[in-house]
Number of protein chains: 2
Amino acid sequence: MKVTAQEEYGLRCLLQLARHAEKGRPITVREVATSEGLSVAYAEKLLHQLSKAGLVESVRGVRGGFRLKGRPDEVSVGDAVRALGGFLTHSAICQRYTGDESQCVHNKNCGLRPVWTTVNYHIQKLLDNIPLTLLLQDERQARQAIVEMVSFPFTPETAGSVV
Amino acid sequence: MKVTAQEEYGLRCLLQLARHAEKGRPITVREVATSEGLSVAYAEKLLHQLSKAGLVESVRGVRGGFRLKGRPDEVSVGDAVRALGGFLTHSAICQRYTGDESQCVHNKNCGLRPVWTTVNYHIQKLLDNIPLTLLLQDERQARQAIVEMVSFPFTPETAGSVV
DNA sequence: TCAATACCTGACTATTTTGTCAAGTATTTA
DNA sequence: TAAATACTTGACAAAATAGTCAGGTATTGA
């Protein structure tokens with residue numbers, strides 16, 4: 001159960017664009033890479049990925065760079081995850097984990113499938129409701145905002161203990 | 001955002017043991033491997049992993065094999081995931097994704113951390129409440145049981161559309 | 001006690017995912 | 001229009017994950 005490098009780093013780069021959005025002019029790959037501690041080549045690849053997915057637009061030439069395509073409060077973490085690797089869909093799992101067979105032996109009747117379906121539903125629902133702007137504040141505030149948003153008994157203290 | 005092969009296949013093997021539990025005698029690796037469409041060597045590795053984690057016990061020698069250690073209704077999917085690769089903890093993410101630096105540049109103040117904390121909390125809470133027995137029924141019933149358990153508006157129809 | 005059954009272990013190979021590199025194209029500005 | 005800036009692309013290298021293999025040890029039962 002993990003977050004891929006693409007998702008983590010890609011999301012961080014996207015947050016840089018969101019943070020930079022108000023300034024109007026695009027931000028260069030070099031700037032993003034530097035402030036994220038990534039190589040320029042790698043940041044380039046990630047931004048390109050986000051660009052292909054339509055979350056980001058690129059401007060070539062001297063004053064060029066990358067720019068968030070929508071308003072930062074209209075782009076969600078869910079959008080980013082979808083663009084960067086996708087959610088835990090059961091169809092992806094079923095197609096991938098087929099053992100030695102060409103089709104999964106549980107294809108017709110699988111006790112596990114409802115589990116992943118449900119997990120996926122939860123995560124997707126949660127992340128689709130977190131706009132990038134929510135994460136531009138400092139960590140304490142971001143946590144606060146998310147906790148209030150999801151509205152279930154979940155305080156910073158329990159949060160810490162869960163992890 | 002993905003489920004690792006270890007988690008998926010390991011969980012499937014564990015379900016075989018749970019299914020077999022009432023018969024009393026252990027089930028051999030060969031039997032598990034065959035019914036899951038896995039190689040014997042691989043099933044062996046997975047079962048060994050579950051054994052090290054204490055979810056499963058092994059019996060050597062002629063009538064040997066593997067056996068679930070607890071009662072099938074007392075072992076949860078959450079237990080299995082923990083044994084097989086672990087949850088999406090933020091500490092794992094922070095330690096792993098450090099870019100070119102030795103420490104993540106966001107170590108002190110990270111807007112993303114509360115997101116993963118929350119996601120992790122949700123998933124863990126959900127999976128810890130799904131006992132293996134719930135998944136031994138046929139898929140329709142399993143889905144039904146999970147849906148009732150989590151008690152939120154989530155029908156088979158919407159489930160399909162989400163995936 | 002010896003042969004057959006089954007688990008145990010660690011090293012090895014294959015595959016996938018991550019990350020880099022180099023040569024290109026588009027745009028601006030002097 | 002030439003030089004500098006920046007994005008584009010596809011092939012490649014490195015690292016992590018997945019899966020295999022071979023030789024071992026423990027237990028049973030004839």
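Being a predicted model, the structure only gives us computed values, none of them experimental. A, B, ... follow the sequence lines: proteins, then strands. Residue 1 opens every chain.
In this structure, A:Glu7 places its CD atom 13 Å from C1' of C:dT18, rounding to the nearest Å. Distance B:Leu46 CG to C:dC7 C1': 15 Å, rounded to the nearest Å. One atom, CZ of B:Arg30, and another, P of C:dA6, lie 8 Å apart when rounded to the nearest Å. In this structure, the CD atom of B:Gln6 is 12 Å from the C1' atom of D:dA16, given to the nearest Å. When the C1' atom of C:dC7 is taken as reference, atom NZ of B:Lys45 falls 16 Å away, rounded to whole Å. Computed from coordinates, the B:Arg67 CZ to D:dT27 P distance equals 14 Å when rounded to whole Å. We find that CD1 of A:Ile27 is positioned 18 Å from P of D:dT5, with the value rounded to whole Å. Taking atom OH of B:Tyr97 as the reference point, atom P of C:dG19 lies 8 Å away to the nearest angstrom.
The minimum heavy-atom distance linking B:Ala80 with B:Leu11 is given by the pair CB-CD1, 3.5 Å. Taking every heavy atom of both residues into account, B:Val56 and B:Leu47 meet most closely at CG1-O, 4.3 Å. Minimum heavy-atom separation, A:Val105 to B:Ser35: CG2-O, 3.8 Å. Nearest heavy-atom pair, B:Met1 versus A:Val3, reported as atom, atom and distance to 0.1 Å: CE-CG2, 4.1 Å.
Using a 4.0 Å cut-off, some side-chain N or O of B:Ser58 falls inside it from OP1 or OP2 of C:dC8. OP1 or OP2 of D:dT9 sits under 4.0 Å from a side-chain N or O of A:His48.
Ranked by how close their nearest DNA chain C nucleotide is to the 5' end, A:Val62 and B:Gly61 are led by B:Gly61. Across the interface with DNA chain D, nearest-nucleotide mapping of B:Arg96 and B:Arg63 shows B:Arg96 to be the residue nearer the 5′ end. In terms of position on DNA chain C, the residue among B:Thr28 and A:Thr4 whose nearest nucleotide sits closer to the 5' end is B:Thr28.
Judged by atom type and distance alone, B:Arg60 does not reach the base of D:dT28 through any side-chain donor-acceptor pair under 3.5 Å.
Between B:Asp79 and B:Ser76, the side chains place a donor N or O and an acceptor N or O closer than 3.5 Å (distance only, hydrogens not considered).
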### Audit row: A:Phe87, A:Leu127, side chain to side chain contact (heavy atoms under 4.5 Å, CB included) steps and yes/no
CA-CA 10 Å; A:Phe87 283 101; A:Leu127 297 189; 3.9 Å; yes

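Using a 4.0 Å heavy-atom distance criterion, A:Ser51 is classed as making no nucleic acid contact. Looking at heavy-atom distances under 4.0 Å, B:Lys2 makes contact with sugar-phosphate atoms alone, never a base.
If you check residues 33-44 of chain B against DNA chain D, the residues with a heavy atom closer than 4.0 Å are B:Ser39, B:Ala41, B:Tyr42, listed by number.
The closest side-chain heavy-atom distance from B:Lys2 to A:Arg96 is below 4.5 Å.
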